[in-house]
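A quick write-up on the structure given underneath.
Protein chains get the first letters and strands the later ones, always in sequence-line order, with residue 1 at the start of each. Basis for what follows: all heavy atoms, side chains included, without hydrogens, waters or symmetry-related copies.
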Protein chains: 2
Amino acid sequence: MVTPKRKDAQQLTELILETARDLFTQYGVDTVSMHQIAKTAGVGQATMYRRYAQKGDLCLELIDDQFGRLRAEIDGQLEQLADAPVLERLIAVFRRIIMFTHNEASLLKAIHVSLVQSRCLNDDAQQFFCSQPYLYLHGTLTSLLKEAMDSGQTVSFDPAFTAHIMIAALAPHTLQHLSDRYGYTTDDIIDQLICTLIRPLFHSFE
Amino acid sequence: MVTPKRKDAQQLTELILETARDLFTQYGVDTVSMHQIAKTAGVGQATMYRRYAQKGDLCLELIDDQFGRLRAEIDGQLEQLADAPVLERLIAVFRRIIMFTHNEASLLKAIHVSLVQSRCLNDDAQQFFCSQPYLYLHGTLTSLLKEAMDSGQTVSFDPAFTAHIMIAALAPHTLQHLSDRYGYTTDDIIDQLICTLIRPLFHSFE
DNA sequence: AATAATAGCGGACAATTGTCCGTTTGTCAA
DNA sequence: TTGACAAACGGACAATTGTCCGCTATTATT
């Protein structure tokens with residue numbers, strides 16, 4: 001039988017991504033519309049929507065490179081700190097995540113919008129929570145928390161649950177509010193979060 | 001001079017709210033459009049948008065009664081537990097908030113959408129964080145946390161900051177994901193959150 | 001090369017959100 | 001009462017999001 005695949009499909013995907021990246025950096029993620037991206041890239045609406053059903057999906061794709069870098073950083077740090085106490089490793093990971101959230105705030109907020117609204121809430125899939133970035137962060141935090149608890153250094157809790165809560169606490173709009181309204185710097189926020197979410201779990205804190 | 005106020009303005013406001021409430025309960029918050037509400041109520045688009053710029057604002061108004069009840073419950077509990085340890089009072093407040101979030105999930109999610117997206121992010125106002133409900137919850141948590149810390153029962157932290165983080169951790173979509181994906185009941189979630197966010201702050205935990 | 005078949009492109013179209021402006025309507029002064 | 005004034009109503013209009021379907025272009029087959 002015939003199963004033809006267009007050879008130019010991949011090129012269009014890259015054209016769309018590149019156009020979106022350019023427009024986002026020039027005008028800001030919020031103000032650029034899907035229609036505008038398609039128009040500028042010179043492709044039909046459907047051509048884009050078939051790839052990215054919402055702006056959030058597009059952003060998730062765009063952030064993928066940056067996220068790969070974050071992942072490499074975290075993995076590197078963990079390897080380098082392999083012999084360090086779990087607490088230290090947890091703090092290192094946390095710091096990286098917060099820096100990343102701060103740097104990629106605009107894309108992350110757009111992704112969050114898609115998560116919160118839309119029929120995602122009805123889908124079984126739950127795009128965001130099943131995305132590779134989320135799963136990686138959750139998995140990494142969970143295993144560190146589990147190691148800390150299993151080695152008896154902390155109080156008792158459910159590592160997977162706690163990891164979800166910690167990630168929720170790092171929602172971009174909350175961090176932005178803390179920095180806009182209260183003037184906290186990124187370092188302030190990191191320190192405060194460690195004092196509030198991580199250290200208290202450890203017996204050795206006092 | 002003349003400063004006339006239409007006497008029917010208030011009636012229209014109530015008509016809009018009532019219509020919205022009816023449509024929401026009948027069809028669900030997500031599927032009902034602003035246009036549909038205006039059409040059903042028999043008022044112009046602008047008449048509604050002049051009062052509620054987004055669906056989230058409307059939901060914030062609709063939830064106000066329920067929130068008044070929550071507030072009364074919390075205030076009542078705190079009065080009743082006036083002599084109880086701070087830890088116990090914190091847990092009681094937390095429990096109420098989570099139950100409320102669970103019961104009013106659909107309205108709260110709609111409110112969150114408006115918060116996360118939209119030009120709210122550019123506004124100085126930041127509607128949501130300045131809303132009476134948020135300020136009340138944040139204030140109540142902050143004062144309890146401050147009391148706990150000042151009385152030397154807990155580790156050291158910034159009460160106001162921590163209160164923000166705690167509320168962020170209770171985001172409706174996160175709680176929904178925990179219950180949908182992992183099957184946690186409301187009581188499970190309450191217990192876990194207490195073990196993760198509250199008890200560890202206290203010296204006396206162990 | 002010519003042909004058949006289909007993956008998938010593109011623009012028109014529908015639905016929703018948000019804005020603007022001509023007109024109505026209630027209030028106050030005479 | 002009547003007239004003037006402005007608060008505020010309502011629907012038309014613009015912008016954005018999301019869908020549908022006719023048509024093109026690509027590839028396997030002969």
- Message: Between the base of D/dG10 and the side chain of B/R50, is there a donor and acceptor pair under 3.5 angstrom?
- Response: yes

- Task: Would you mind reading off the distance between B/Y27 atom OH and C/dT16 atom P, rounded to a whole angstrom?
- Result: 13 Å

- When you match A/M34 and A/A46 each to their closest nucleotide on DNA chain D, which lands nearer the 5' end? A/M34

- Taking atom P of D/dG18 as reference, at what distance in whole Å does atom CD1 of A/I37 sit? 12 Å

- Task: Classify the ring geometry between B/H164 and B/Y134 as parallel (under 30°), tilted (30 to 60°) or perpendicular (over 60°).
- Result: parallel

- Message: Output the rounded distance in Å from CE (A/M48) to C1' (D/dG18).
- Response: 10 Å

- Query: Could you give the distance from CG (A/L108) to OG1 (A/T101), rounded to the nearest 0.5 Å?
  - Reply: 6.0 Å

- Message: Heavy atoms only, 4.0 Å cut-off, all strands: where does B/Q45 land among base, sugar-phosphate and nothing?
- Response: base

- Message: Let's see if you can work this out: which of D/dT17, D/dG10, D/dC20 has an atom nearest to the side-chain heavy atoms of B/T47?
- Response: D/dG10

- Looking across every strand, which nucleic acid part, if any, lies under 4.0 Å from A/S33 by heavy atom: base, sugar-phosphate, or nothing? sugar-phosphate

- Task: In whole angstrom, give the distance that lies between atom NE2 of A/H35 and atom P of C/dA12.
- Result: 10 Å

- Query: Does a nitrogen or oxygen in the side chain of B/R51 sit under 4.0 Å from OP1 or OP2 of D/dC9?
  - Reply: yes

- Task: Applying side-chain hydrogen bond (donor to acceptor under 3.5 Å, both in side chains), run through B/D158 and A/Y184 and close with a yes or a no.
- Result: CA-CA 12 Å; B/D158 178 338; A/Y184 288 112; 2.7 Å; yes

- Separation of C/dC9 atom C1' from A/Q10 atom CD, nearest Å, is 16 Å

- Query: Nearest-Å distance, CG (A/L12) to C1' (D/dT24)?
  - Reply: 13 Å

- Message: Distance check, rounded to the nearest 0.5 Å: A/E14 atom CD versus A/R21 atom CZ?
- Response: 10.0 Å

- Query: Would you call B/R51 and B/E61 a salt bridge, using N to O less than 4.0 angstrom?
  - Reply: no

- Message: Using whole Å, what does the distance between atom C1' of nucleotide C/dC9 and atom CD of A/Q11 come to?
- Response: 14 Å

- Spacing between B/D30 atom CG and C/dT17 atom P, to the nearest angstrom: 11 Å

